**Student:** 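What follows is a structure written as C-alpha cells; I'll ask about it next.
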Amino acid sequence: MTNTTHKTPEINLRSDTETKPTPAMREAIFHAVVGDDMVGEDPTTNRLEAMVAEMCGMEAAVFAPSGTMTNQLAVKVHCQPGDELYIEEHGHIANYEAGGPALLSGVTCKHVKGSFGMLDVEELEKAWRPPSIHFPTPRLLCLENTTNIGGGKAYPLDQYLRVCEWGRNRGLKLHLDGARVFNAVVARGYTLRDICDPLDSISICLSKGLGCPVGSILVGNKEDMQKARRFRKVFGGAMRQVGILAAAAIYALENHIDRLADDHKLAKVLAQGLATVPGLKINVDDVETNIIFFEVDPAVGSATDFVAQMSKHGLHFYAMGRQRIRALTHLDVNATQIQQALEIVRRETPHIRQNQSSTSASY
Ligand SMILES: Cc1ncc(COP(=O)(O)O)c(C=O)c1O
C-alpha cells in the first residue's frame, strides 16, 4: 500500500502545534507498552504522569488529549457555577477555548489589563471585585507562561511570584496555562519547580514546542487530579491504550526541552531579518522565545494578502488581525529554512499590492 501524505509546505511558520513526530519519537511510539488507561492500567501513561508530577514537584498528573481540555479541567476542578476567574485580557482560557468556562463550568471571566499577556499586581488590584452579593464569586486566578497572543513572553520570576502571592492573599486558587512553560524555563533560566511551587495546578502541552503529535497534561494535588480524572471522562477525554501517545511524550520530555533554545535563537534571526524588509514593522527586542508578531504596512497590503502571497511560495504564516501576522519557530524549521523564508519575504513583499489588484480585477 502506498503511504500517501498531504502536500507538506516547505516552510511552516504557522504554529509549533504542526510539528510531525521525528523518526526517534515514532520508534518510541512503536515500542510503547500499553493497557487500558480508563481503568488506570496503561503502564506508559502511568509512567508519564508520575514523571511529570515529579518534575513539577506536585503530587499527581492526568494526561489528556489537548491543552484546551487540561485548562478546562482545571477550571472545572477549582470552580463552581457562579464563580469568576481572573485572567489577562488576551488569555487563551478566556478567549480561545470556545467559551469553555461558561459552557462547561458556569464560570465567568474577569479580563484584566496586562502587558504582553502578562499580569501585574497593580492592574489586578484595579480589577479586583471583593466578594459581594452583587458579584460572581472570585475563585481562580489564571496565568499564562509563555504568553501566546502576548508574543511568547516569559514572566520574570519576581513578577510571577508577586502575581501568585496577590492571588493567594485574595483567597484565589492558582492555575497556570503552561502550554509553553518549557519555553519560559529555557528562556529565563528558572526551574519548572520555581514556577509550580505557588500553584494549585498547571497545564503543560506536549504537542507544541516539545513536538508530540497529541497531548497535554494537568498536574496538581492528588485530590484535585482525582476529580480531574472523573471530569476528563465526562468531557469525553478518557482514553484507552493511550500509551502510544504517552511514549511520545516521555521521549519529548527526555530529548526536546533543551533544544527549545534553538527555536528561540531562530525566532530572533527571523525577527532581525523581517525588521530590514521595507513595509514590515517589528520590534526585535520584543522577541523572547519562539513566537513573533509583526505588522505589514497598509500601503503594502493586509495581513491576509501578505499570508496569501507567501503561501504561494511555500512559506506559511497566520494572519492575526488586519495588519498583524504571527510566526512561530519549532522543531520542524531549521536555520537554512529561516534564511529561505527571509529571501521569500524580501522578494515577495513588494508584489503583494500588485497581485492583490490583479485578483480584484478578475471579479
Ligand atoms: C497558551 C495556550 N494555551 C492553551 C492552548 C490550547 O491547546 P490545544 O490546541 O492543545 O487545545 C494553546 C494552543 O495554541 C495555547 O497557545
Side-chain angles (χ1 to χ4, degrees), residues 66-181 184 195-205 216 218-221 224 227-228 231 235 320-321:
S66 71
T68 298
M69 188 176 286
T70 43
N71 279 333
Q72 295 305 321
L73 284 172
V75 175
K76 189 80 184 160
V77 164
H78 297 309
C79 301
Q80 296 294 322
D83 286 351
E84 185 157 67
L85 65 81
Y86 280 68
I87 188 163
E88 201 277 340
E89 61 189 343
H90 303 99
H92 200 277
I93 291 172
N95 293 285
Y96 301 96
E97 298 189 2
L103 182 66
L104 301 168
S105 301
V107 166
T108 51
C109 296
K110 178 85 176 151
H111 294 233
V112 182
K113 196 171 169 334
S115 171
F116 294 99
M118 296 182 292
L119 293 162
D120 65 61
V121 170
E122 291 67 34
E123 291 298 336
L124 279 163
E125 203 50 52
K126 280 188 214 161
W128 172 248
R129 296 195 292 187
S132 149
I133 197 167
H134 302 289
F135 306 142
T137 308
R139 185 74 64 196
L140 178 65
L141 175 62
C142 294
L143 296 92
E144 197 171 300
N145 195 24
T146 63
T147 62
N148 178 343
I149 299 305
K153 286 287 185 190
Y155 271 90
L157 190 59
D158 54 349
Q159 181 180 346
Y160 176 82
L161 293 176
R162 273 200 309 273
V163 167
C164 289
E165 191 189 4
W166 178 88
R168 196 55 83 202
N169 289 338
R170 291 298 189 189
L172 302 174
K173 295 277 184 180
L174 303 178
H175 171 71
L176 175 66
D177 178 353
R180 298 183 179 83
V181 73
I195 293 301
C196 293
D197 270 354
L199 299 174
D200 292 289
S201 57
I202 176 171
S203 155
I204 303 176
C205 286
S216 181
L218 183 68
V219 198
N221 70 30
D224 286 346
K227 284 188 200 158
F231 289 132
F235 290 177
M320 302 288 282

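Please read all numbers here as calculations on a predicted model, not as lab measurements. If you read the sequence from its start, that first residue is 1, and numbering goes on from there.
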**Student:** Just verifying a value: how many Å separate T137 OG1 and L172 CG, rounded to the nearest 0.5 Å?
**Tutor:**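 Taking OG1 in T137 and CG in L172, the distance rounds to 11.0 Å.
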**Student:** Tell me if the CD atom of Q80 is crowded by more than 12 foreign heavy atoms within 6.0 Å.
**Tutor:**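 Check fails, neighbour count at 12 or below.
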**Student:** Rounded at 0.5 Å granularity, tell me how far CD in Q72 sits from CG in L103.
**Tutor:**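 Going from the CD atom of Q72 to the CG atom of L103 covers 8.5 Å.
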**Student:** Quick one: closest heavy-atom pair of L140 and L174, and the distance?
**Tutor:**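 The answer is CD1-N, 4.2 Å.
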**Student:** With the threshold set at 4.0 Å, does a side-chain nitrogen-carboxylate oxygen contact exist between R162 and E165?
**Tutor:**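 Looking at R162 and E165, the cut-off is not met.
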**Student:** Does a side-chain heavy-atom distance below 4.5 Å link C164 with W166?
**Tutor:**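 No, side chains not in contact.
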**Student:** Do the non-hydrogen side-chain atoms of D177 and L143 ever get within less than 4.5 Å of each other?
**Tutor:**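 Counting from C-beta outward, D177 and L143 never come under 4.5 Å.
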**Student:** Using a strict threshold of under 4.0 Å (side-chain N to carboxylate O), is an ion pair present between R170 and E125?
**Tutor:**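 The answer is yes: the pair qualifies as a salt bridge.
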**Student:** Any side-chain donor paired with an acceptor under 3.5 Å for S203 and H175?
**Tutor:**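 No, no side-chain donor-acceptor contact under 3.5 Å.
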**Student:** Please check if the side chain of S115 supplies one atom and the backbone of M118 the other of a donor-acceptor pair under 3.5 Å.
**Tutor:**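 No.
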**Student:** Less than 4.5 Å apart, any side-chain heavy atom of L218 and any of F231?
**Tutor:**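 Side-chain contact under 4.5 Å: no.
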**Student:** Between T147 (side chain only) and I149 (backbone N and O only), is there a donor and an acceptor less than 3.5 Å apart?
**Tutor:**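 No, T147 side chain to I149 backbone: no donor-acceptor pair under 3.5 Å.
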**Student:** In sequence, state the C-alpha distance, the side-chain angles, and the governing distance for V112 and I87, and then conclude on side-chain contact (heavy atoms from CB on, under 4.5 Å).
**Tutor:** CA-CA 6 Å; V112 182; I87 188 163; over 6 Å; no
**Student:** Could you tell me if the side chain of K110 sits less than 4.5 Å from the side chain of W128, heavy atoms only?
**Tutor:**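 No, their side chains stay 4.5 Å or more apart.
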**Student:** With a 3.5 Å cut-off and no angle check, do the side chains of E144 and H92 form a donor-acceptor pair?
**Tutor:**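 Their side chains do not contain a donor-acceptor pair, so the 3.5 Å distance test is not met.
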**Student:** Applying side-chain contact (heavy atoms from CB on, under 4.5 Å) to K227 and V77, what does each step give before you reach the verdict?
**Tutor:** CA-CA 6 Å; K227 284 188 200 158; V77 164; 4.1 Å; yes
**Student:** Where is the tightest heavy-atom contact between E88 and H90, given as atom of each residue plus distance?
**Tutor:**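 E88 and H90 have their closest heavy atoms at OE1-N, 2.7 Å.
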**Student:** With rounding to the nearest 0.5 Å, note down the distance linking CG in L104 to CE in M69.
**Tutor:**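 Between L104 CG and M69 CE, I get 9.0 Å after rounding to 0.5 Å.
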**Student:** Quick one: pull up CG in D120 and NZ in K113 and give me the separation to the nearest 0.5 Å.
**Tutor:**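 Spacing of CG (D120) from NZ (K113) equals 9.0 Å.
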**Student:** Any idea which heavy atoms bring L199 and Y160 closest together, and the distance?
**Tutor:**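 Heavy atoms only, the tightest pair is CD2-OH, 3.3 Å.
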**Student:** Does the side chain of N148 come within less than 4.5 Å of R180's, by heavy atoms?
**Tutor:**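 Touching, per the 4.5 Å side-chain cut-off.
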**Student:** Within the distance-only criterion (no hydrogens, no angle test), does the side chain of Y155 pair as donor or acceptor with the backbone N or O of L119 below 3.5 angstrom?
**Tutor:**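 Judged by distance alone, yes, a pair lies under 3.5 Å.
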**Student:** Give the minimum heavy-atom separation between G67 and C205, together with the two atoms involved.
**Tutor:**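 Taking every non-hydrogen atom into account, CA-SG, 3.7 Å.
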**Student:** Would you compute the distance between atom NZ of K173 and atom CG of D200 and round it to the nearest 0.5 angstrom?
**Tutor:**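 If I round to the nearest 0.5 Å, the distance is 4.5 Å.
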**Student:** Which atom pair, heavy atoms only, marks the closest approach of G91 to Y96?
**Tutor:**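 Looks like O-CD1, 4.3 Å.
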**Student:** What closest approach, in Å, do G167 and L141 show between heavy atoms, and which atom pair accounts for it?
**Tutor:**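 Scanning both residues completely, I find the closest heavy atoms to be CA-CD2, 3.8 Å.
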**Student:** Could you tell me the separation between the SG atom of C142 and the CG atom of N71, rounded to the nearest 0.5 Å?
**Tutor:**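 With rounding to 0.5 Å, SG (C142) is 7.5 Å from CG (N71).
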**Student:** Just wondering, do R139 and E84 contact through their side chains at under 4.5 Å, heavy atoms?
**Tutor:**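 When only atoms from C-beta onward are counted, R139 and E84 do not touch, as no gap falls below 4.5 Å.
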**Student:** Are Y86 and R129 packed together at the side-chain level, in the sense that at least one heavy-atom pair is separated by less than 4.5 angstrom?
**Tutor:**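 Contact flag for Y86/R129 side chains = yes.
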